Protein chains: 2
Amino acid sequence: MPSKPPPPITIDAVYAAPGYLFRRMQQIAVSIFMEECKAFDLTPVQYAALIAIHTHPGIDATRLSAVIAFDRSTLGSVIERLQAKDYVERKPAPEDKRIKLLHLTKSGAAILREIIPAVERAQARMLEPLKPADRKTLMGLLVQLVDLNNEASRVPLRAEDALEHLGKAG
Amino acid sequence: MPSKPPPPITIDAVYAAPGYLFRRMQQIAVSIFMEECKAFDLTPVQYAALIAIHTHPGIDATRLSAVIAFDRSTLGSVIERLQAKDYVERKPAPEDKRIKLLHLTKSGAAILREIIPAVERAQARMLEPLKPADRKTLMGLLVQLVDLNNEASRVPLRAEDALEHLGKAG
DNA sequence: TCTAAATTGACAGTATACTGCCAATCTGGC
DNA sequence: GCCAGATTGGCAGTATACTGTCAATTTAGA
């Protein structure tokens, strides 16, 4: 019996490929975020880092990377920029000389409060073209897919890691 | 009547945000692509560029950028790398000295044929954790969303631009 | 206790993304 | 034919991403 013919080598196959669509959608999402938040000069990554530090004061960079699932190497320069803007402080940990603890400054906490409405607008705009029911469906499937693919990511999300800096009693 | 309380400032809001999920999924997609295609030393962007040049031989960099919706500045260095690997040729256009025409080399066409099965495997793996019906639903909604948000992107997709280099009869 | 292994943060190198600018070139309107 | 405006490609500068390496430090095991 004849085998299936090889798929045609065309750009149309790319347009329908999941990887291509995820890339495009991510770029659109960043573009919308930056537009809504341009008054604040914060990138999506910087925003997520600020939120995570706010939720887990005194966390270190390595654990922060696990908590937001961002690359640890990259995160170093992200924190540097947040430090330069005076949104974040880094203090050496007394009991472990390798570690630097992260805290929000007053400015950091303030900008976080102020930027939230813009971020909410951005997030809403990304899904706006869809019908409300479809938005829910899409987000539901996406949450599932990201979760089920967690280990395929180079930096899997480890939300529970955040608690370790509060004392090693596990 | 009382207004809605402000949303809590927590990392959990980030985990459910569309922008965060699109970023994570894109990173997972790249990770899976690179794993399946590591024998070929081609990135997802380089692969898309090769496919587009194959589909539209003689296209120039600006039009290529519109056809795959990638940033024009970035595309310059992408093409340089493809040229360094001897997958792509750049020839000045005789009738317009500003333009450089892009063609695949024999190596470029060959690696494209060879890499396709690995790319297909990668694309399948990205959606594998979902049930088949859910994969269709997700892709359908994503195609819609990317299309409806096309103009929100900094580099909107203009697939029809590709035809212009074949003669300006519009 | 002494040391092998693990952890943390830093760094170098590559590859997207995007902004903004520039010179060379082409086109259209006059 | 000339000039204003558009187009093309290149470049500098910033910000993620990721790989791999390294030193300082801590931890765990023999």
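All of these numbers come straight from a predicted model, not from anything done at the bench. Order of the sequence lines sets the chain letters (A, B, ...), proteins ahead of strands, with each chain counted from 1.
Two different hydrophobic clusters hold B:Val155 and A:Ile28 under the rule that ILVMFWY side chains link at heavy-atom gaps under 4.5 Å. Connection of A:Met139 to B:Val143 is established within a shared hydrophobic cluster, with ILVMFWY side chains joined at heavy-atom distances below 4.5 Å, either directly or through further cluster members. Hydrophobic clustering, with ILVMFWY side chains joined whenever heavy atoms are under 4.5 angstrom apart, groups B:Val88 together with B:Leu64.
Checking A:Asp41 against B:Val30, the closest nucleotide of DNA chain D that is more toward the 5' end is the one next to A:Asp41. Sequence order on DNA chain C of the closest nucleotides to B:Ala69 and A:Glu80 puts A:Glu80 first from the 5' end. Closest-nucleotide positions on DNA chain C for A:Ser73 and B:Gln46 were compared, and the one nearer the 5' end corresponds to A:Ser73.
At the phosphate of C:dA10, neither OP1 nor OP2 sits under 4.0 Å from any side-chain N or O atom of A:Arg72. Between A:Arg98 and D:dT27 there is no side-chain N or O to OP1 or OP2 distance below 4.0 Å. An OP1 or OP2 oxygen of C:dA10 is reached within less than 4.0 angstrom by a side-chain nitrogen or oxygen of A:Lys100. Listed pair A:Thr62 / C:dG9 meets the phosphate criterion, a side-chain N or O lying under 4.0 Å from OP1 or OP2. For D:dC18, neither phosphate oxygen OP1 nor OP2 lies less than 4.0 angstrom from any side-chain nitrogen or oxygen of B:Ser31.
Rounded to a whole Å, the CG atom of B:Asp71 is 14 Å from the C1' atom of D:dA12. To the nearest angstrom, C1' of D:dG9 lies 10 Å from CD1 of B:Ile79. Taking atom CD of B:Glu95 as the reference point, atom P of D:dT8 lies 12 Å away to the nearest angstrom. Atom P of nucleotide C:dG28 and atom CG of B:Asp96 are separated by 12 Å, given to the nearest angstrom. B:Phe70 places its CZ atom 19 Å from the C1' atom of D:dG9, with the value rounded to the nearest Å. For the pair B:Leu75 CG and C:dT16 C1', the interatomic distance rounds to 11 Å; values are reported in whole Å. For the pair B:Leu42 CG and C:dT14 C1', the computed distance is 15 Å after rounding to whole Å. Between the P atom of D:dT8 and the CG atom of B:Leu64 lies a distance of 13 Å, rounded to the nearest Å.
The backbone N or O of A:Thr105 lies less than 3.5 Å from no partner atom in the side chain of A:Asp86, so there is not a single donor-acceptor pair. B:Lys38 places no side-chain N or O within 3.5 Å of a backbone atom of B:Phe33 that could act as its donor or acceptor partner.
Near DNA chain C, meaning a heavy atom under 4.0 Å from it, residues 83-92 of chain B has no residue at all.
The side chain of A:Asp60 has C:dT8 as its nearest neighbour among C:dT8, D:dG9, C:dC18. Distance from the side chain of B:Thr43 is smallest to C:dA15 among C:dC26, C:dT8, C:dA15. Of the candidates D:dG9, C:dT16, C:dC26, C:dC26 carries the atom nearest the B:Lys97 side chain, counting heavy atoms from C-beta on.
Remark: A:Ile116 CD1 to A:Cys37 SG distance equals 10.0 Å, nearest 0.5 Å.
Looking at A:Asn150 and B:Arg24, their side chains do bring a donor and an acceptor atom within 3.5 Å of each other.
Looking at heavy atoms from C-beta onward, B:Arg63 lies in side-chain contact with B:Asp60 at the 4.5 angstrom threshold.
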